[in-house]
Amino acid sequence: MLGRFKDATLNAMGKKNEKTGIEKDESQRTRQGTDKKPEKYINGRPYFLGLSADEVQSSIDFAIRPILKPRKIHDMPLFAGYAECLNGGKSDFNEDNSYACEMCIRSQLASRNKERSASVGSPVAMSHPQHDHNGSIRHPGAVASCSKEYHGAVNCNSNLDWIDEPKKEVASWDVSVEGVYFGMFDGHAGYQTSLIASRTLHGLLQEELNQLFDILAAEKNTKCVKKYPDMNTEDLIVGALEESFQRMDHQLKTDGERYNIRGGCTALVALFVNGKLYVANAGDSRAVLCHGESVRPVSRDLRPDTETEKLRINLKGSTNPGLLRDEFSCLEFQRRVIRTDIGTQMLCRKPGRKGWCYKIIEEEDLRYPLVVGTGKGVRLMGTIGVSRSLGDHDLYIYDSDIWIKPFLSSLPEVQVVDLRGETFSEKDVLIMGTDGLWDVTSNENAALIVRSEISQSAIHDKHKYIIAAQELVSQARGRFTGQGWKKTHSDDRGSFDDISTFVVPLKPYMDKWENRDQISINSIESTLRS
Amino acid sequence: MSYAYLFKYIIIGDTGVGKSCLLLQFTDKRFQPVHDLTIGVEFGARMISIDGKQIKLQIWDTAGQESFRSITRSYYRGAAGALLVYDITRRDTFNHLTTWLEDARQHSNSNMVIMLIGNKSDLEARRDVKKEEGEAFAREHGLIFMETSAKTAANVEEAFINTAKEIYQKIQDGVFDINNEANGIKIGPQHSTSNPSMPSGGGNAGPSGNCC
Ligand SMILES: Nc1nc2c(ncn2[C@@H]2O[C@H](COP(=O)(O)OP(=O)(O)OP(=O)(O)O)[C@@H](O)[C@H]2O)c(=O)[nH]1
Ligand SMILES: [Mg+2]
C-alpha cells in the first residue's frame, strides 16, 4: 500500500533522491525504523487457523502461496468461511490479519461484578492484571477461546476469566445481547499493526457496546422501556464503532512508545447486532452483500482519490497550511501544473469546494499536489495508497520530516443494513475481502463463485462457506506460470498481494435472532447442565 | 529447531485412500478411524535424521476429491517428494494411478521423487489389488513402492523416510539444485552438521506437535 516517494516527487520538491530502486519495507522508513524495541506480538495468524508458531513459519512459502483456512470449523462464528493466502513476494510476511468472535454484550455492572469474582476466584486471571476489556468474547468452541494461539505468545490476557465464570452469572445470560464480529485488517510497512489491531479492536468495541447495554437490551426486547426515546439506537452503535477505531489508533500510538510498531493497517469490521448489520470501514478493503439476486457493496473503498476523501485531505491542508511545509499544494488542477503554465488560466478546485473555477497559475502552484494519481496508483503525499488507516503514527515522507499522519483518518465510514423482516437462504452471504481479492475480482464475480460453491456442497455441509472462501482466494491468486501468477481460467494476472476473505452466511445469524427468546432459554439450560 | 535441510512433500491419490491418516500417523503417531474429508490442503511437519543430519519434512496433504483438483495442483510446484497413495481394498483407486502420475509429472519438477504406496495393508481379507501389481506398476514407471497401514503404522515411517533418503541421495549426486527453492529443498537456517541437543539415529526425532 505504501509506495516509494518517486524521483519525480522529490525532484519536484527540489530534493535529490539518494536511494532508488528500494524494495519492500526498506522504502517505508519511519522515524522508529532503527530503534530496537521489542515486538508486541510475534508474527501470528488468526487464531481460528489453529497454526502453531512453527506452522506459521512453514506457511510462509512464496513458491506455493498456500491457501490457509480454519482447521476447526467450530471455531468460526456462524460457521462462516475464511481463507487467506500470502502475497507473491512483495513483503516478507502476510500483512493481512483477521479476527472473528461472538460477543456477549452485558451491563457494565454485571461485567464489573464478574471481574471482581474472577479476580477473587481465579489466580490465573490475577496474573494478567492488564485486561484489555471487561466484556466477554465468546467463541463457539469454548476451549478454543483459551488456546495458546488465541492471544499470541506475548501479553496473553483477557478471556481467562470466562473459563472460571461463576455459576451465578447464568442470570445475566437472558439479559445479554449477542453480537457477532468479523474484523479484517490489511497492514502496510510490516505485519505488526494489523496483528495488534486484529487482536485488540473487538475488545475495545465490546467495552463501548457494554456501555450501551440498557439501550441494546431494550431494542432487543421490545417489551422493555426505551432509555432515550428520542435517540436512534443505530447512531449509538455507529458511535461505538467510531470510538473503538479511534481508541485503537490511539493505542497503537502509545504501544509505539514501548514496542517496535511500524506502519499501519486498514480496518473493515462487520458487526451483527439486534438483527442489523453494521459495516465499518477505514481503508480499501470491501464488504459485499449478496442477498437473493442482488449483489451490492456495503462499504466504500476509501482511497486518497475517492471524491470525498480528496475533499477532506485538501481541506485539511488548507486549514493547516503548516503541514504542507511549502512543498505541497492543496489545490486540485485539471492536470499537473508545469512551469510554462505560470501566468495562464487553468481550471482549479479549491479546498472544500465541489465545483471548479479558473485560476491564474502562480509559482507556488507548481508544488506537488497532496493527492496524485488514481485507482491502484493513487498516492497521498506521494507515499501512501490509502487515506484512512489505524497506526502510521510515524509515517513521514521519505528522507524528510514532513508528517503524513495528520492527513490520514482513523475514523471508519459505517453503513447499516437492517436485515429484519427479510428472508434468507443459505446462499445469502456477506463477502469481506482485502484489496488483494477485489483488485482482481468483481463483486458480481465473487458472488457467482460463492453461490456456485455453495450450491455444489451438500445442504448440511458445514464446510461450504470455507470451501467458498477458499475458492475465492484460489481464483484471485491463480496459478503460477512462467509469467508469474495468472488467473485459473484466463490469461489475466492473478493478485500479487496478500489475499484474505470472509464468507459470512446471513441465515444462521438471522435464525438465531428470530429465535432469540428460545436461544436464551436454551443457553441458560445448557449452562446449568454443564 | 534447526535442520540441515528441509524437504517438501506432497501426498496425492484418490479420496479415502488414507492420505491424511498416513500423515497423522507419521506426525502424531495416531490413527483416525473416521474419514474427515480434506478440504483443499492441510499440512504437517516432522523432523527426521538421515546420515546424522537433521532433516525437516514439510508435508502438504491434498484432497483427493475431484472438485479440489485445481487447488491441489498448485502444490506440486516446489515439492521434492510425492507419496502417491492407493487403497489395496479398492481397485478403482489403483486404476486411477496413471491419471495421478500424469498430473504429477506435468505440474512438478522433473526430479521429484515419487513413492507409490498401497495403503490399508491391515485389511488383508478385503484385498483387491495384489502386492505384485503394485510392484509392477512402480517398476514400469520408475517409482519406489511400499505397502503401508496407517492403522497399524506398518511401514509408515519407512515410506516417509525412504523417500527422504532418495532425495538426499539425489542431492549428494548433484541431481538436485538445492539453491533453487522451487525444487522443494531448503538449506537449514543454522546449518550445523552435528547438533548435540538432537536425538540421534533411528531416523526419528519425534513428532513436531502437529495440529488437526
Ligand atoms: N483399516 C484401515 N483404514 C484406514 C487406513 N488408512 C486410512 N483408513 C481409513 O480410511 C478412511 C479415509 O482416510 P483419510 O486419511 O481421511 O483419507 P484421505 O485419502 O485423506 O481422503 P481425502 O482427504 O478425501 O482425499 C478413514 O475412515 C480411515 O480411518 C489403514 O491403513 N487401514
Ligand atoms: Mg485427507
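Numbers restart at 1 for each chain; the letters A, B, ... are given by sequence-line order, proteins then strands.
- Between A:R65 and B:R77 there is no side-chain heavy-atom pair separated by less than 4.5 Å.
- The environment of CZ in B:R126 is sparse: at most 12 heavy-atom neighbours from other residues, nucleotides or ligands sit within 6.0 Å.
- Using a 3.5 Å distance cut-off with no hydrogens or angles, the side chains of B:S74 and A:R477 do pair a donor with an acceptor.
- For B:Y76, no part lies near chain A; criterion is any non-hydrogen pair under 4.5 Å.
- Within a 6.0 Å sphere centred on NZ of A:K487, heavy atoms belonging to other residues, nucleotides or ligands number more than 12.
- Stacking of B:R73 on the aromatic ring of A:F480 is not recorded, the 6.0 Å distance cut-off and the 45° axial limit not both being met.
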A:K69 vs B:E42, test: side-chain contact (heavy atoms from CB on, under 4.5 Å). Steps then yes/no.
CA-CA 9 Å; A:K69 57 190 193 310; B:E42 275 294 335; 3.6 Å; yes
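- Remark: A:K486 NZ is packed, more than 12 non-hydrogen atoms of other residues, nucleotides or ligands lying under 6.0 Å away.
- Taking CD1 of A:I467 as the start and CG of B:L37 as the end, the distance is 8.0 Å to the nearest 0.5 Å.
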Let me see the working for A:D54 and B:Q58 under side-chain contact (heavy atoms from CB on, under 4.5 Å), right down to the final yes or no.
CA-CA 11 Å; A:D54 194 40; B:Q58 184 180 312; over 6 Å; no
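- For residues 164-188 of chain B, no pair satisfies ring pair (Phe, Tyr, Trp, His ring centres under 6.0 Å), with sequence neighbours left out.
- Using a 4.5 Å heavy-atom threshold, the side chains of A:L68 and B:F43 count as touching.
- Here A:I64 contributes atom CD1 and B:W60 contributes atom CH2; the two are 5.0 Å apart, rounded to the nearest 0.5 Å.
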Stepwise, does the salt bridge (Lys or Arg N to Asp or Glu O under 4.0 Å) test hold for A:D61 with B:K186?
CA-CA 11 Å; A:D61 187 324; B:K186 225 161 90 177; over 6 Å; no
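- More than 12 heavy atoms of other residues, nucleotides or ligands shown are found within 6.0 angstrom of CZ on B:R69.
- Residue contact with chain B, scored on non-hydrogen atoms closer than 4.5 Å, involves the backbone and the side chain of A:S58 alike.
- In this structure the side chain of A:Q475 never reaches within 4.5 angstrom of the side chain of B:I71, judged on heavy atoms.
- Contact count against chain B (heavy-atom pairs under 4.5 Å) is highest for A:A63 among A:A63, A:A83, A:S59.
- With rounding to the nearest 0.5 angstrom, the CD1 atom of B:I39 is 13.0 Å from the CD1 atom of A:I67.
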